Enquirer: 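So that we are looking at the same thing, I have put the structure below in structure tokens.
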Amino acid sequence: MIRILGFESSCDETAVAVVEQGEDGKLRILSSIVASQVDTHRLYGGVVPEIASRAHTEAISALTYEALEAAQLSPKDITAVAVTSHPGLIGALLVAVNFAKSFALAHKLPLYSIDHMRAHIASAFLTEDAPAFPFLAITVSGGHTSLYAVQSPTESRLIGATRDDAIGEAFDKVGRLLGLSYPAGAAFDALAKEGLITATGKTDAAEALAAFPKCDLYRDPLYRLPSPALQGESLDFSFSGLKTAAVNLLHHLSQKGEEPDKAAFAARYTYEAVSAIAKKAAAALDTYALPAVVLCGGVAANSHLRAALSALCKRKKARLYVPPLSLCGDNAAMVAAEGCFAYAYAAPVGSELNASAAD
Ligand code: KG4
Ligand code: ZN
């Protein structure tokens with residue numbers, strides 16, 4: 001029996017969790033505590049790094065003992081410590097890295113350095129129906145939009161990524177212009193749903209997406225937006241292109257003194273964002289002959305993206321794994337889950353461990 005204590009502080013969530021791996025290899029969450037700072041950052045329209053670091057520092061110690069208590073464990077019951085060391089906001093990352101180092105040293109436990117994006121992929125293993133290797137991992141978050149061909153716990157290859165903005169960032173920035181508060185993802189999702197239902201008359205998300213290109217709104221030049229899927233064979237994206245076109249369109253309307261139909265606009269924007277991911281995912285499944293898809297990261301909560309990928313996987317006869325909503329956003333259970341793989345396959349790190357903002 002392995003029990004991993006996981007720490008996460010890469011952005012605006014301070015999180016601590018304990019995950020247990022049984023003899024059968026299955027992972028089970030014993031506790032998972034997330035202290036979100038979004039209410040604080042919302043006042044500024046986005047994450048303020050210095051405020052994030054301070055809030056992590058204030059929260060992390062109490063959260064650790066809360067997580068141990070919730071799991072009904074004491075430090076001596078823990079096998080190893082896992083902490084997100086990259087990528088993220090450097091000052092924010094340093095809080096959990098230093099706390100985890102001290103905890104591991106004080107309790108003589110091995111320490112593992114975790115990549116935040118690999119942890120998002122590992123969140124899929126925290127469900128009853130864990131994926132089998134190999135699979136295509138689609139990681140969509142506030143800072144990343146990436147496709148990985150994952151062959152085993154230790155072998156994964158980045159096969160596509162955004163060349164500029166991430167999909168979550170694109171939703172947040174354009175959402176702000178539509179008057180949605182930070183982070184705009186969930187409200188954008190609801191607004192797009194309204195727009196898609198009005199445009200297509202279909203309440204089922206997958207049916208609405210399928211019908212959308214044939215409806216009048218899609219052909220309306222007023223709401224024309226470019227696809228973030230790069231042309232040709234590349235599996236890369238450009239969400240900055242979609243975002244800039246949207247910003248220009250909204251500015252143009254406001255200069256003419258016109259109000260946009262926000263739901264219609266959100267529908268078109270979401271359709272382009274989601275279709276681009278589905279298009280490149282389809283190409284990736286074919287090119288790399290992968291039998292399954294793992295969709296993860298904060299934007300995996302998007303109902304239209306889930307519907308588009310579910311339709312795609314049905315068509316391609318591929319299995320789709322999407323973690324529950326509670327595991328899509330940043331949390332430490334996913335860090336502890338990746339920690340289980342690290343414990344089995346990687347070397348522990350020492351007190352020289354440092355945080356890094358880069359991938
Ligand atoms: O993975 P995450 O919690 O943090 C990062 O590692 O970035 O992802 C946060 C992102 C934010 O951009 C947020 O707006 C987006 O996930 N998000 C959504 C939805 N829920 C959260 N985006 C679209 N639709 C949603 N339902
Ligand atoms: Zn994340």
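What you are looking at is a predicted structure, and each value in this text was computed from that prediction instead of being measured. Indexing begins at 1, ligand by ligand and atom by atom, following the structure's order.
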Enquirer: Distance to 0.1 Å, residue and atom name: give those for the protein heavy atom nearest to atom 10 (C) of ligand 1.
Expert: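 Here the closest protein heavy atom is Gly142 N, 3.6 Å.
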Enquirer: For Phe237, which of Leu147, Ile167, Asp165 qualifies under side-chain contact (heavy atoms from CB on, under 4.5 Å)?
Expert: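 Of the listed options, the one satisfying the test is Leu147.
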Enquirer: Hey, is ligand 1 close enough to His116 that some N/O pair sits below 3.5 Å?
Expert: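 Yes; the residue has a nitrogen or oxygen that sits under 3.5 Å from a nitrogen or oxygen of the ligand.
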Enquirer: I'd like to check whether Pro183 has a polar contact with ligand 1, where a contact means an N/O of the residue lying under 3.5 Å from an N/O of the ligand.
Expert: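 No: no nitrogen or oxygen of Pro183 is under 3.5 Å from one in ligand 1.
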Enquirer: Looking only at protein heavy atoms, which one is nearest to atom 2 (P) of ligand 1, and how far off is it?
Expert: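 The protein heavy atom lying closest is Asp330 OD1, 3.4 Å.
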Enquirer: Can an N or O of Asp189 be found at a distance shorter than 3.5 Å from an N or O of ligand 1?
Expert: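 N/O-N/O distance below 3.5 Å exists for this pair.
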Enquirer: Looking only at non-hydrogen atoms, find the nearest pair between Glu169 and Gly142 and report the distance.
Expert: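 Answer, listing the atom of Glu169 first, then Gly142: CB-O, 3.4 Å.
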Enquirer: Give me the atom names and distance for the closest heavy-atom approach of Pro323 to Cys296.
Expert: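 Smallest heavy-atom distance, with atoms named: CG-CB, 4.4 Å.
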Enquirer: Can you sort out which atoms of ligand 1 are near Gly168, meaning under 4.0 Å from one of its heavy atoms?
Expert: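 Counting from 1, the qualifying ligand atoms are 12 (O).
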Enquirer: Please determine whether side-chain contact (heavy atoms from CB on, under 4.5 Å) holds for the pair Asp115 and His86, giving the CA-CA distance in whole Å, both sets of side-chain angles, and the decisive distance to 0.1 Å.
Expert: CA-CA 5 Å; Asp115 176 322; His86 64 284; 3.5 Å; yes
Enquirer: Should the ring pair Phe341 and Phe125 be called parallel, tilted or perpendicular, given that the plane angle runs from 0 to 90° and is split at 30 and 60?
Expert: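 Phe341 vs Phe125 ring planes: perpendicular.
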Enquirer: Would one find an N or O of Gly297, backbone or side chain, under 3.5 Å from an N or O of ligand 1?
Expert: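 No; every N/O pair is 3.5 Å or more apart.
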Enquirer: Could you verify whether a donor N or O on one side chain and an acceptor N or O on the other, from Thr40 and Gln37, lie under 3.5 Å apart?
Expert: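 Judged by distance alone, the side chains do not pair up.
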Enquirer: Under the criterion side-chain contact (heavy atoms from CB on, under 4.5 Å), which of Val83, Val335, Ile114 is the partner of Phe7?
Expert: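 Among Val83, Val335, Ile114, the one that satisfies the side-chain contact (heavy atoms from CB on, under 4.5 Å) with Phe7 is Val83.
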Enquirer: Looking at ligand 1, is there an atom of it that comes within less than 4.0 Å of some heavy atom belonging to His120?
Expert: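 True for this residue.
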Enquirer: Any atoms of ligand 1 less than 4.0 Å from a non-hydrogen atom of Gly143? List them with their elements.
Expert: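 Listed by number with element: 7 (O).
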Enquirer: Work out whether the distance between some heavy atom of Cys11 and some atom of ligand 1 is less than 4.0 Å.
Expert: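 In this structure, Cys11 fails to qualify as a contact of ligand 1 - no heavy atom is under 4.0 Å.
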Enquirer: Run the side chain to side chain contact (heavy atoms under 4.5 Å, CB included) test against Ser61 and tell me which residues pass, sequence neighbours left out.
Expert: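 Scan of Ser61 (side chain to side chain contact (heavy atoms under 4.5 Å, CB included), adjacent residues dropped) gives Tyr65, Phe99.
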Enquirer: Does any N/O atom on Gly329 come nearer than 3.5 Å to any N/O atom on ligand 1?
Expert: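 In fact, backbone or side chain, Gly329 has no N or O that close.
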Enquirer: Is Glu128 atom CD crowded by more than 12 heavy atoms from other residues, nucleotides or ligands, each under 6.0 Å away?
Expert: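 Counting other residues, nucleotides and ligands, CD of Glu128 stays at 12 neighbours or fewer.
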Enquirer: Distance to 0.1 Å, residue and atom name: give those for the protein heavy atom nearest to atom 15 (C) of ligand 1.
Expert: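 I find the closest protein heavy atom is Val299 CG2, 3.8 Å.
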Enquirer: Heavy-atom count around Lys193 NZ within 6.0 Å, excluding the residue itself: above 12?
Expert: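 12 or below, so no.
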Enquirer: Looking just at side-chain N and O atoms, do Ser36 and Glu13 make a donor-acceptor pair shorter than 3.5 Å?
Expert: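 Glu13 and Ser36 do have a side-chain donor-acceptor pair below 3.5 Å.
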Enquirer: Any non-hydrogen atom of His304 lying under 4.0 Å from ligand 1?
Expert: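 No, His304 has no heavy atom closer than 4.0 Å to ligand 1.
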Enquirer: Spell out the protein N/O/S atoms under 2.8 Å from the Zn ion (ligand 2) as residue plus atom name.
Expert: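 Correct list: His116 NE2, His120 NE2, Asp330 OD1.
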Enquirer: Considering non-hydrogen atoms of the protein only, which is the closest contact for atom 21 (C) of ligand 1, and what is the distance?
Expert: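 For atom 21 (C) of ligand 1, the nearest protein heavy atom comes out as Gly298 O, 3.4 Å.
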Enquirer: In the protein, which heavy atom is nearest to atom 12 (O) of ligand 1, and how far is it?
Expert: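 Protein heavy atom at minimum distance: Asp172 OD2, 2.7 Å.
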Enquirer: Less than 3.5 Å apart, any donor N or O on the side chain of Glu258 or His252 sitting next to an acceptor on the other?
Expert: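 Their side chains do not contain a donor-acceptor pair, so the 3.5 Å distance test is not met.
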Enquirer: Specify the protein heavy atom at minimum distance from atom 22 (N) of ligand 1: its residue, its atom name, and the distance to 0.1 Å.
Expert: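 Going atom by atom, the protein heavy atom closest to atom 22 (N) of ligand 1 ends up being Gly185 CA, 3.4 Å.
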Enquirer: Would you please indicate if the ring centroids of Phe135 and Phe133 are separated by under 6.0 Å?
Expert: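 So the answer is yes for these two rings.
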Enquirer: For ligand 1, find out whether one of its N or O atoms is nearer than 3.5 Å to an N or O atom of Asn302.
Expert: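 Yes, since at least one N or O of Asn302 sits under 3.5 Å from an N or O of ligand 1.
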Enquirer: May I ask you to check whether Ser113 and Ser85 show a side-chain donor-acceptor distance below 3.5 Å?
Expert: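 Their side chains do contain a donor-acceptor pair, which is all the 3.5 Å distance test asks for.
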